[in-house]
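These values consider heavy atoms only, across backbone and side chains, with no hydrogens, waters or symmetry-generated copies.
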Amino acid sequence: MKLLQPGLGPLDGDHYLPADPSRVHWGLLPNATAEPLLTVRSGKTVTFDTISHEGILEDQGRDPAAFFGAAGIARNSLLHDAVELAASPREHMPEIHGPHVVTGPVAVHGAQPGDVLEVEVLALRRRAPYGVISNRHGKGALPDEYPQTPPGEPASMVATVGDDGRGRLPVGDGRQLGFALRPFLGIMGVAPATESPVHSVPPGPHGGNLDVRHLGTGARLFLPVQVPEGLFYVGDPHFSQGDGEVALTAFEAPLRATLRLTVHSDPATRSLAARLRAPFAETAVDHIVLGLDHNLDEALRNAVRDALTLLTDRFGIPGPVGLAYLSAAADFHVSQVVDIVKGIHGRMPKADLP
């Protein structure tokens, strides 16, 4: 495939925001003091370039040419913005910062705290035909058992995209595991209402590192606005992820995302968002609620509580009936167990609800 270098190739949105070092945050999310890089009107579309942090981090050498070269990826197959960021004097302290490279923020004209920002995912284009799957730092579902590598050696595997559009992961004996791609942005969020630094890893009411694989093309994410003009940002691009993300990362790889940003200030939407504990979403077939907590059991309880609130508020279904419906027909899955704050997402079929 042809690389989507900065500014080249399809730019589908009304506006374009590249991911050069002057337009990204590294390891921290935009907060209430962040300066917007772009201001757009509600309903407009923005094309964002995103950079994957994997392959440019300090424990991987902060040298993408060497890191990817060891896996057979040629220097001329690297994205210029990723190389530029890794070589830049930008300070990134992994002991206190998260790993993620975040593009933005974008101000949305007229958005006020209490409003809801709808993020419609219109297009997700792969910027390169490769990425990384990692298990390190004592993270993941089995931190006492994996990684199975010598101490100090990063357990990062370079995966590629085959001619058939499927992921390819080398087994090490000449074979390759193939798997379907489901691109999505792990990070979509608005600035929290704080002037303190905001670590990029844990998700929260602001959205951020939600890592919900269903938020791909066609999905709509609804974020409660925390600060004037929202200050929306994106990052943590994935080519695919299984529910749970049970290593440290899934297939982390760079995307060009075109999103429509729409502000909802009507009383009904504001009231619903105020009663929910987390952002909510929908796809063509499902309503999606999110449960977030350091404890996975409590994250599940929060997802069920928000599902009941949505059923009551939007559809007029009494709580006892709603709980029975959720037990009979809804699916609750683990989104991820690696982001400090763990995630559950609950899916309710739209076809069931009038």
Side-chain angles (χ1 to χ4, degrees), residues 26-29 52-62 67-68 70-71 92-101 130-159 167-173 175-179 182 184 186-187 198-204 208-214 235-253 278 290-304 331-346:
W26 195 355
L28 296 174
L29 301 180
S52 176
H53 55 279
E54 290 292 325
I56 69 170
L57 291 170
E58 288 77 6
D59 71 316
Q60 296 169 328
R62 198 163 166 167
F67 178 85
F68 288 109
H92 177 250
M93 296 180 287
E95 65 277 7
I96 60 173
H97 295 161
H100 307 102
V101 179
Y130 57 84
V132 179
I133 307 171
S134 285
N135 171 228
R136 59 197 202 281
H137 305 316
K139 304 293 185 180
L142 301 173
D144 297 325
E145 302 171 46
Y146 285 83
Q148 294 181 353
T149 57
E153 181 179 324
S156 302
M157 302 181 185
V158 173
R168 291 284 182 266
L169 181 63
V171 176
D173 58 5
R175 294 179 296 159
Q176 291 186 323
L177 285 173
F179 54 92
R182 296 182 290 258
F184 74 99
I187 290 179
V198 182
H199 198 282
S200 71
V201 171
N209 191 28
L210 295 170
D211 273 340
V212 176
R213 71 175 182 87
H214 300 284
D236 193 28
H238 291 65
F239 281 4
S240 69
Q241 177 188 301
D243 285 338
E245 197 178 28
V246 294
L248 169 66
T249 80
F251 191 179
E252 318 277 322
L290 308 179
L292 304 172
D293 198 85
H294 289 81
N295 180 281
L296 193 60
D297 289 342
E298 190 62 23
L300 173 60
R301 286 189 280 269
N302 284 339
V304 174
D331 291 316
F332 290 85
H333 294 273
V334 178
S335 311
Q336 51 74 24
V337 293
V338 297
D339 294 335
I340 302 174
V341 171
K342 299 174 176 63
I344 297 284
H345 57 272

Over all atoms of both residues, closest heavy-atom pair of [X] and [Y]:
X      : Y      : result
Val338 : Ala247 : CG1-O, 3.0 Å
Phe179 : Ser240 : CE1-OG, 3.3 Å
Gly208 : Leu29  : CA-CD1, 4.4 Å
His199 : Ile96  : CD2-O, 3.4 Å
Ala253 : Gly131 : CB-CA, 3.8 Å
Gly346 : Phe332 : CA-CD2, 3.5 Å

Supply the atom-to-atom distance [X] [atom1] to [Y] [atom2], rounded to the nearest 0.5 angstrom.
X      : Y      : atom1 : atom2 : answer
Asp236 : His53  : CG    : NE2   : 5.5 Å
Arg301 : Asn295 : CZ    : CG    : 6.5 Å
Phe251 : Arg168 : CZ    : CZ    : 10.5 Å
Asp339 : Lys139 : CG    : NZ    : 9.5 Å

- Go through the steps to decide whether Ile344 and Val334 satisfy the test side chain to side chain contact (heavy atoms under 4.5 Å, CB included), and finish with yes or no. CA-CA 4 Å; Ile344 297 284; Val334 178; 3.8 Å; yes

- Pair His238-Glu245, side chain to side chain contact (heavy atoms under 4.5 Å, CB included): steps then yes or no: CA-CA 11 Å; His238 291 65; Glu245 197 178 28; 3.4 Å; yes

- Query: Should the pair His92 and Trp26 be assigned to parallel (<30°), tilted (30 to 60°) or perpendicular (>60°) ring geometry?
  - Reply: parallel

Kindly say whether [Y] contributes a backbone atom to a donor-acceptor pair with the side chain of [X] at under 3.5 angstrom?
X      : Y      : answer
Glu252 : Val132 : no
Lys342 : Asp293 : no
Glu58  : Pro94  : no

Counting C-beta onward and ignoring hydrogens, is there a side-chain heavy-atom pair between [X] and [Y] closer than 4.5 Å?
X      : Y      : answer
Val201 : Pro99  : yes
Leu28  : Val198 : no
Asn302 : Leu292 : no

- Passes side chain to side chain contact (heavy atoms under 4.5 Å, CB included), Phe67 versus Val158? Steps please. CA-CA 9 Å; Phe67 178 85; Val158 173; 4.0 Å; yes

- Does a donor on one side chain sit under 3.5 Å from an acceptor on the other, for Ser134 and Glu54? yes

- Give the C-alpha distance, both sets of side-chain angles, the deciding distance and a yes or no for side chain to side chain contact (heavy atoms under 4.5 Å, CB included) between Ser335 and Asp211. CA-CA 6 Å; Ser335 311; Asp211 273 340; 5.6 Å; no

- Those residues at least two apart in sequence (or on a different chain) that pass side-chain hydrogen bond (donor to acceptor under 3.5 Å, both in side chains) with His214 are His345

